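First the proteins, then the strands, lettered A, B, ... as listed; each starts at 1. On a predicted model such as this, the values are computed, not experimentally measured, just so you know.
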Amino acid sequence: MTRPRRCDRPGALLPSGFRMFAVAMNLFETFSARISRALTQLADRGDIPAGLSFARVVVEPTRDPAHGDLAINAAMVLAKEAGTNPRALAALLVEELARDPDVAKAEIAGPGFINLTLQPAVFTGILKSAIEAGLDHGRGALRPDPKINVEYVSANPTGPMHVGHGRGAVFGDALSSLLAFAGHAVSREYYINDAGAQVDVLARSAFLRYREALGEEIGAIPEGLYPGDYLKSVGESLAKTYGESLRGKPESEWLVAVRAAAIDGMMAMIRDDLAALGVVHDVFFSERSLQAVDGNIDAVRETIEDLRSRDLIYEGRLPPPKGQKDEDWEDREQTLFRATLFGDDVDRPLLKSDGSYTYFANDIAYHRSKFVRGFAEMIDVWGADHGGYVKRMAAAVKAVTHGEGSLDVKLCQLVRLLRNGEQVRMSKRSGDFVTLREVIDEVGRDAVRFMMIFRKNDATLDFDLAKVVEQSKDNPVFYVQYAHARCASIFRQAREAFPGIDLSPTVLAQADLSRLTDEAEIGIIKMIAAYPRMIDAAASAHEPHRVAFFVHELASAFHSLWNKGKDSPQLRFVNQTDRESTVARLAFVHAVRSVLASGLAVVGVAAPEEMR
RNA sequence: GGGCCCGUAGCUCAGUUGGAUAGAGCAGCAGCCUUCUAAGCUGCUGGUCGCAGGUUCGAAUCCUGCCGGGCUCGCCA
C-alpha cells in the first residue's frame with residue numbers, strides 16, 4: 001500500500017491551512033505539535049519551568065460548537081507544575097496561539113480550557129486534501145513497528161459455525177482491517193483446535209457416517225457423538241476413498257485417517273462459511289503441528305522445558321475450587337505453571353492425568369510460536385465464555401516472551417438471534433441449530449457484518465433477522481449503504497444536468513470550496529476532518545465498532561442535509577442554473593462518499609452505487 | 001466462595017480512552033408532508049449515569065466497598 005505523497009507540491013500560493021494539512025491530514029495531531037511548540041517557547045522565555053512533560057496535553061474536538069473547533073487542556077494539566085494557576089497559564093498560551101494564521105480566535109473558557117476557532121480555510125483545505133486522497137483519506141502512514149498478530153474465529157473443526165462464531169469472525173476481520181488502515185502491518189491468524197479429544201469424537205462420528213454411506217443401518221446417533229447431518233458428506237467421501245477396507249477394523253487402525261479426513265472436511269466447510277462472510281485469514285495454524293506427530297518437533301515440550309529451566313514450572317497440588325461441587329475432586333500432584341508470578345490467581349496445570357498436554361499447555365506453545373515468528377503484539381478474539389482464561393494466557397505470554405510481548409484479549413459477548421423481536425431458539429441438542437451460514441443466506445453478508453460490528457464487543461447483541469433487511473431509516477445497514485448510493489446517484493444526476501461535465505477528483509479538488517457555507521455543510525466537513533483521528537483512536541483502542549458508528553453518523557448528517565434541499569432549493573447538490581456551485585457541492589459529495597466507502601471497507605461492507 | 005464482563009432516557013445503545021450544560025435512534029407528544037434529488041421531514045418531552053465513599057482543577061469514565069444481571073472456576077476446547 002503506497003500512500004500518495006504531496007509534500008513536494010508548491011505551497012506558496014495556497015492558503016496556509018492547505019499547505020499544512022496536505023502533509024499531515026490529522027488536524028488534531030497537527031495542532032498538538034503546534035501547541036507543544038508554543039509551550040516550548042514559553043519555557044525558553046522562562047515563562048514556565050523547563051522540562052515539563054506535555055504527555056497529558058490533549059487536543060480534542062469541542063463537544064459544543066459554541067466552543068469553537070478545538071479544545072486544549074494544557075493550562076489545567078500543567079498549571080500546578082508550572083507554579084501558576086490555569087487561567088494565567090492559559091492567557092500566556094492564548095497569546096502565543098493567536099499568532100497562528102490558521103487560528104481565527106483563541107479564548108479561555110471554563111476552568112482553563114483554551115478554545116480555538118479555526119479559519120474556514122483550514123477546513124476547506126482539509127476537504128480539498130480529502131477529495132484528492134479519496135479512499136486514502138484517514139489512512140495512517142505505514143509504521144515501522146513489527147507486525148501485529150490478530151487471532152480470530154479459531155472455531156473447533158467439529159461442525160459448522162454458529163452465529164456467535166460469526167461475531168468473533170467479523171470483529172477480528174474488521175479489527176485487522178482497521179489496524180492495517182491505521183498503518184500497522186497485520187497478520188490474521190486462525191488457530192485450528194485439531195489436537196484434543198473433541199476431534200477424536202468427531203472422527204468416531206464420521207466413522208459412523210462412513211458405515212452409513214456403505215449402506216449400513218446406523219440408527220440414532222449415540223449420545224456423546226456429533227449428530228449433525230454435515231458429517232454425511234465426510235462419510236461418503238471416506239466410503240469413496242477406502243471402500244470397505246476400514247469396515248469392522250478396530251479404531252486404532254482407522255482413527256488417524258478418519259480424523260484427518262473429518263478435520264479436513266470440517267475446515268473446508270468453515271472456510272467456505274468464512275468466505276461467504278468475506279472474512280479472510282493469512283495463516284491457518286494447526287494445534288496438532290505443535291506436537292511430536294508427523295515428524296514435527298515437539299514445540300509444547302520445548303516450551304515446557306524452557307519454562308522449567310527458568311523455574312517457572314513445578315510439581316505441586318492445587319486447592320479444590322471453593323463453593324463448587326467437589327465430589328469427584330481428586331487431590332493429586334501435577335505439573336504446574338507458576339502463573340501467579342505473572343498476575344494470575346492460581347498456578348495452572350500443563351499435563352492431564354493421562355500424561356497428555358492440557359489445552360493450555362498447547363496454547364502457551366502456540367503463543368510462544370507467535371513471538372518466535374516475530375509478533376510481539378498479539379490480539380486474541382474469543383467468545384465471552386472463555387473470559388476466565390484471559391489471565392492465565394496473559395501470564396503465559398509474559399513468561400514466554402520474557403516480558404517483551406503483549407496480549408490483548410477481546411471478548412465477544414453472545415448474540416441473541418431474533419425475528420421480529422421474538423427470540424429464535426438455537427438448540428444444539430439435535431444438531432439442527434441455526435448456523436451462521438443460514439443467517440448469511442437469509443439476510444446477506446453485508447447485514448450480518450454491519451450488525452455484528454454495530455455494537456461494542458463486550459455488550460450482548462440482539463440480531464433481528466427481520467429488521468436488518470428492512471429498507472428504512474431504522475435499519476443501520478441500509479441507512480449507511482443508502483447514503484453512499486445517494487452520493488453516487490447525485491453524480492449521475494449531475495452528469496445528466498451538465499452533459500460532458502468533468503467530475504474527476506482532480507477537477508473537483510480545484511472547485512471553489514469556500515461556497516460551502518451552510519451550517520449543515522460545515523458540520524459534515526468537520527466530520528470528514530475528524531475521520532483520521534477517529535481511525536487512530538479506534539485502532540489503538542482495538543475498537544472497530546467506532547468506525548461503524550462514525551459512518552452511521554455521517555450518513556445521518558448527509559441524509560439530513562439532503563432533505564434540507566427540499567425546503568431550500570439553493571442547498572441542492574445539483575443546480576441546473578449554477579454550474580460552479582454544482583461543482584463545489586459535488587466535490588463535497590465526493591468527499592462524503594469516499595469517507596463512507598472507506599469506513600464501510602474497514603467494516604467489510606459493500607458500498608453500493610445504487611440500491612433499487 | 002473466587003475471578004472476569006456488564007449496569008447510562010420507557011426500550012435498544014453510544015459516550016472521542018479523565019473534560020465544559022451526559023448524546024443518538026426507536027417509542028411518546030406537536031406540527032409539516034397532495035414530491036420541485038429515491039424508501040418522509042422538523043421540533044419538543046424524557047436522566048439521582050445501579051448505590052455509597054475516595055483520588056483531583058474536573059469522574060459516566062480511574063480506585064475501594066456494596067446491590068443487581070451474565071460468563072466462568074484441575075484432567076473441555
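Nucleotide U16(B) forms a pair with no other nucleotide shown, judged by Watson-Crick or G-U wobble geometry with both contacts under 3.5 Å. Under the Watson-Crick or G-U wobble criterion, with both distances below 3.5 Å, A38(B) is left unpaired in every strand shown. Pairing of C76(B), defined by two Watson-Crick or G-U wobble distances under 3.5 Å, is not identified with any nucleotide. Pair check for C33(B) finds none; no Watson-Crick or G-U wobble contact set falls under 3.5 Å. Base pairing of C62(B): its partner is G54(B), meeting the Watson-Crick or G-U wobble criterion (both donor-acceptor distances under 3.5 Å). For C11(B), the paired base is G25(B) (Watson-Crick or G-U wobble, both distances below 3.5 Å).
Using cut-offs of 30° and 60° on the angle between ring planes, the pair Y366(A) and F285(A) is tilted.
If you take atom P in A24(B) and the same atom in U16(B), they sit 16 Å apart, rounded to whole Å. For the P atom pair drawn from G53(B) and A59(B), the interatomic distance equals 14 Å after rounding to whole Å. A30(B) sits 23 Å from U35(B) when the C1' atoms are compared, rounded to a whole Å. The same atom, P, is picked in G54(B) and in A22(B); the two are 22 Å apart, to the nearest Å. Going from the P atom of U61(B) to that of C41(B) covers 36 Å, rounded to whole Å. Separating the P atom of U37(B) from that of G28(B) is a span of 29 Å, rounded to the nearest Å. The separation of C5(B) from C26(B), taken at their C1' atoms, amounts to 27 Å, rounded to a whole angstrom. Comparing the P positions of G7(B) and G31(B) gives a spacing of 38 Å, expressed to the nearest Å.
Nucleic acid contact for T358(A): none, since no nucleic acid atom lies under 4.0 Å from a heavy atom of the residue. Counting any heavy atom pair closer than 4.0 Å across all strands shown, G196(A) reaches sugar-phosphate atoms only and no base atom. As judged by a 4.0 angstrom heavy-atom cut-off over every strand, P61(A) is placed among the base-contacting residues. Residue A530(A) is classed as having no contact, given no heavy-atom separation below 4.0 Å to the nucleic acid. Nucleic acid contact class of Q471(A) (heavy atoms, under 4.0 Å, all strands): base. As judged by a 4.0 angstrom heavy-atom cut-off over every strand, A197(A) is placed among residues touching the sugar-phosphate backbone only. Across all strands, E553(A) comes closer than 4.0 Å to no nucleic acid atom at all (heavy-atom distances). Here M76(A) lies in heavy-atom contact (under 4.0 Å) with a base. At the heavy-atom level, V346(A) lies nowhere under 4.0 Å from the strands shown. Counting non-hydrogen atoms under 4.0 angstrom, F478(A) reaches a base of the nucleic acid. If you check every strand for non-hydrogen atoms under 4.0 Å, A541(A) touches a base. Base engagement by N73(A) is indicated by at least one non-hydrogen atom pair under 4.0 Å involving a base atom.
Counting to the nearest Å, the C1' atom of A38(B) and the CZ atom of F491(A) are 18 Å from each other. Distance CD1 (I313(A)) to P (G74(B)): 20 Å, rounded to an integer number of Å.
Looking at N85(A), its side chain does come within 3.5 Å of a backbone N or O of A88(A) through a donor-acceptor pair. Looking at T62(A), its side chain never comes within 3.5 Å of a backbone N or O of L70(A) through a donor-acceptor pair. No side-chain donor-acceptor contact under 3.5 Å links N156(A) to the backbone of N193(A).
Of the side-chain N and O atoms in R455(A), none sit less than 4.0 angstrom from OP1 or OP2 of C6(B). Listed pair Y389(A) / U72(B) fails the phosphate criterion, with no side-chain N or O lying under 4.0 Å from OP1 or OP2. Close to C57(B), at under 4.0 Å from its OP1 or OP2, lies a side-chain N or O of K80(A). Distances shorter than 4.0 Å separate some side-chain N or O of H545(A) from OP1 or OP2 on G15(B). Proximity of K391(A) to the phosphate of U72(B): no side-chain N or O atom is located under 4.0 Å from OP1 or OP2. Between K564(A) and the phosphate of C36(B), there is no side-chain N or O to OP1/OP2 separation shorter than 4.0 Å. When the side-chain nitrogen and oxygen atoms of S560(A) are compared with OP1 and OP2 of U42(B), one or more of them lie within a distance under 4.0 Å. Residue K456(A) places at least one side-chain N or O closer than 4.0 Å to OP1 or OP2 of G15(B).
Residues H67(A) and F113(A) keep their aromatic ring centres 6.0 Å or farther apart. Close placement of the F558(A) and F573(A) rings is indicated, their centers lying within 6.0 Å of each other.
The only member of N575(A), L571(A), L561(A) that meets side-chain contact (heavy atoms from CB on, under 4.5 Å) when paired with R585(A) is L571(A).
For the pair K467(A) and P86(A), both in contact range of RNA chain B, the more 5′-proximal nearest nucleotide belongs to K467(A). Map D64(A) and Y479(A) each onto its nearest nucleotide of RNA chain B; the residue landing nearer the 5' end is D64(A).
Between E609(A) and R593(A) there is a salt bridge, since at least one side-chain N of the basic residue sits less than 4.0 Å from a carboxylate O of the acidic one.
Side-chain atoms of H386(A) come within donor-acceptor range of the base of A77(B), with a qualifying N/O pair under 3.5 Å. Contact of R486(A) with U37(B) (side chain to base): no donor-acceptor pair of N or O atoms is detected under 3.5 Å. Contact annotation: side chain of N115(A) to base of A20(B), donor-acceptor pair present below 3.5 Å.
No side-chain donor-acceptor contact under 3.5 Å links Y314(A) and E333(A).
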